[in-house]
Amino acid sequence: MNPAPKAGSGLAIGGLVLTSLLWGGMIPMTHALATEVFDPFFLALIRYLLPALPLFLLCHVVDRHSPFNGPLPRKPLVRLGAMMACFSLMFTFGIMLSDPISSAIVISCGPLIATILSKLLYRVPLARGFGIALLAAVIGGAMVALDAVRPRAEASGNIPYLGEILLIGAQLSWTLYSLKAQEWLTPSGWSQLRISFLTSLAGAGYIVVAFIIINAVSPGRLPSEWPSTGTWFMLAWMALGGAGAAIVLWNYGVSHVGVPVASLYGNLAPVFSVIVAALFFGAAVSPQQIIGGAVILAGILRMQWLRLRPG
């Protein structure tokens, strides 16, 4: 049984906001890298491989022992790794086949998906003010993204909206992972660092096998030249930030406030996505997008205020 959401600490809330920044920036960066620089299978793979060593060392420093110490529950790790692998592949291909703004719209539906799964699987009680915060998050996220939507021509033979469909699948996989990781591993006394490292490593294992098979059938998926400085910056943001620090912060936040509430902070990702797109990719930010971000923040702040009020 998944525990009811607990009152979140300031560190958990701050970590969730930082996670949204890291994940928001990943949207335009993933699109740029998957369409212009790397093979999408290779990109999905290195997202988990690059942060593996830093997370391993951090486990030693913070937990003061190796994450491999003690018995490892193989069945939960295998299942959680599969969820992580499905998320990474669907996320990468979904953004590649869509565009950064449409991707942000789909990702803004995260709280709705989290709420539905939490209610179906665990009947988790909702925090006070969650309904209005959810509505504000979806509306605000849509306002941020819809303002910049432009019709895009579908290439001949493409399945219409395949990218958006894959992103919905990615959201389902990530929400299921978030719920099950806490249910299966937290009761054993595992730290969020250890959970993040071992589940990411398990997910990378699946993608390594898939990449080897696909590269054998269709060679030439490895990079042919040394990445530029800008490419290394985006890789560091995505792998060390989005797939490293952000997963640790997300799991820590989920352990304090639960998946439905934590997913509300994920709706800041479209706001940050537009900001990153404007700073690094030349996109223009409009007043409507600013208002949308304010709507999201207002809903989240109201919910937190109600959570802190007695009674």
Side-chain angles (χ1 to χ4, degrees), residues 10-34 47 51 87-88 91-92 94-95 98-114 133-134 136-149 164 167 170-171 174-175 178 230 233-254 257 261-301 303-304:
L11 180 60
I13 300 305
L16 289 170
V17 174
L18 178 57
T19 296
S20 294
L21 169 61
L22 293 170
W23 284 347
M26 280 175 53
I27 295 174
M29 292 180 189
T30 298
H31 186 267
L33 291 176
R47 283 185 68 246
F87 163 75
S88 183
F91 181 84
T92 302
I95 291 179
S98 182
D99 61 80
I101 303 303
S102 296
S103 300
I105 296 173
V106 176
I107 290 172
S108 71
C109 296
L112 181 59
I113 294 173
L134 173 62
V138 174
I139 292 175
M143 286 179 64
V144 169
L146 283 171
D147 184 65
V149 167
E164 287 78 6
L167 285 170
Q171 292 285 306
W174 181 256
T175 301
S178 300
F233 173 81
M234 289 189 284
L235 283 176
W237 183 295
M238 290 177 53
L240 301 180
I247 293 179
V248 176
L249 294 172
W250 170 264
N251 283 329
Y252 180 79
V254 165
V257 302
V261 174
S263 66
L264 286 175
Y265 290 89
N267 266 280
L268 290 171
V271 182
F272 291 131
S273 178
V274 171
I275 293 174
V276 171
L279 291 177
F280 297 102
F281 298 92
V285 181
S286 72
Q288 180 172 321
Q289 291 166 337
I290 296 175
I291 294 173
V295 170
I296 295 174
L297 284 173
I300 292 175
L301 290 174
M303 181 193 66
Q304 288 301 317

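Since this is a predicted model, take the numbers as computed values, not measurements. Start at 1 with the first residue, then count along the sequence. Hydrogens, waters and symmetry mates play no part in the numbers below; they use all other heavy atoms, side chains included.
Taking each heavy atom of His31 and Ile95 in turn, the nearest pair found is CD2-O, 3.1 Å. The minimum heavy-atom distance between Phe281 and Met234, with the atom names listed, is CZ-SD, 3.8 Å. Across all their heavy atoms, Ser178 and Val254 have their closest contact at O-CG1, 4.2 Å. A pairwise comparison of heavy atoms in Pro28 and Val276 identifies CG-CG1, 4.1 Å as the closest pair. Listed here is the closest heavy atom pair of Ala243 and Pro51: O-CG, 3.8 Å. In terms of heavy-atom proximity, Met143 sits nearest to Gln288 at O-NE2, 3.3 Å.
Using cut-offs of 30° and 60° for the angle between ring planes, the Phe280 and Trp237 rings count as perpendicular.
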Which is it for Tyr252 and Leu11 under the side-chain contact (heavy atoms from CB on, under 4.5 Å) test, yes or no, and what are the steps along the way?
-> CA-CA 9 Å; Tyr252 180 79; Leu11 180 60; 3.9 Å; yes

Could you walk me through whether Leu167 and Gln171 pass the side-chain contact (heavy atoms from CB on, under 4.5 Å) check?
-> CA-CA 6 Å; Leu167 285 170; Gln171 292 285 306; 5.7 Å; no

Mind running side-chain contact (heavy atoms from CB on, under 4.5 Å) on Phe91 and Ile107 for me, showing each step along the way?
-> CA-CA 10 Å; Phe91 181 84; Ile107 290 172; 4.0 Å; yes

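Annotation: side chain to side chain contact (heavy atoms under 4.5 Å, CB included) contacts of Ala269 (sequence neighbours excluded): none. In this structure, the side chain to side chain contact (heavy atoms under 4.5 Å, CB included) partners of Ala133, at least two apart in sequence or on a different chain, are Leu264, Met303. Legend: residues meeting side-chain hydrogen bond (donor to acceptor under 3.5 Å, both in side chains) with Thr175, ordered by chain and number and at least two apart, are absent. Taking Val271 as the reference, Val144, Ile275, Ile296 meet the side chain to side chain contact (heavy atoms under 4.5 Å, CB included) condition, with sequence neighbours excluded. Under the rule for a side chain to side chain contact (heavy atoms under 4.5 Å, CB included), the partners of Ser263 that lie at least two apart in sequence or sit in another chain are Pro111, Ala114, Trp250.
A distance of 13.5 Å separates CD1 of Ile291 from CD1 of Ile139, quoted to the nearest 0.5 Å. The OG atom of Ser273 sits 10.5 Å away from atom CG of Leu21, with the distance rounded to the nearest 0.5 Å.
Put simply, the side chain of Trp23 gets close to the backbone of Gly242: a donor and an acceptor are under 3.5 Å apart.
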If you look only at distance, which donor and acceptor atoms sit under 3.5 Å apart when one is on a side chain in residues 13-20 and the other is two or more places apart or in another chain?
residue: Thr19; atom: OG1; partner: Gly15; partner atom: O; Å: 2.8
residue: Thr19; atom: OG1; partner: Ala246; partner atom: O; Å: 3.4
residue: Ser20; atom: OG; partner: Leu16; partner atom: O; Å: 3.2
residue: Ser20; atom: OG; partner: Tyr265; partner atom: O; Å: 2.3

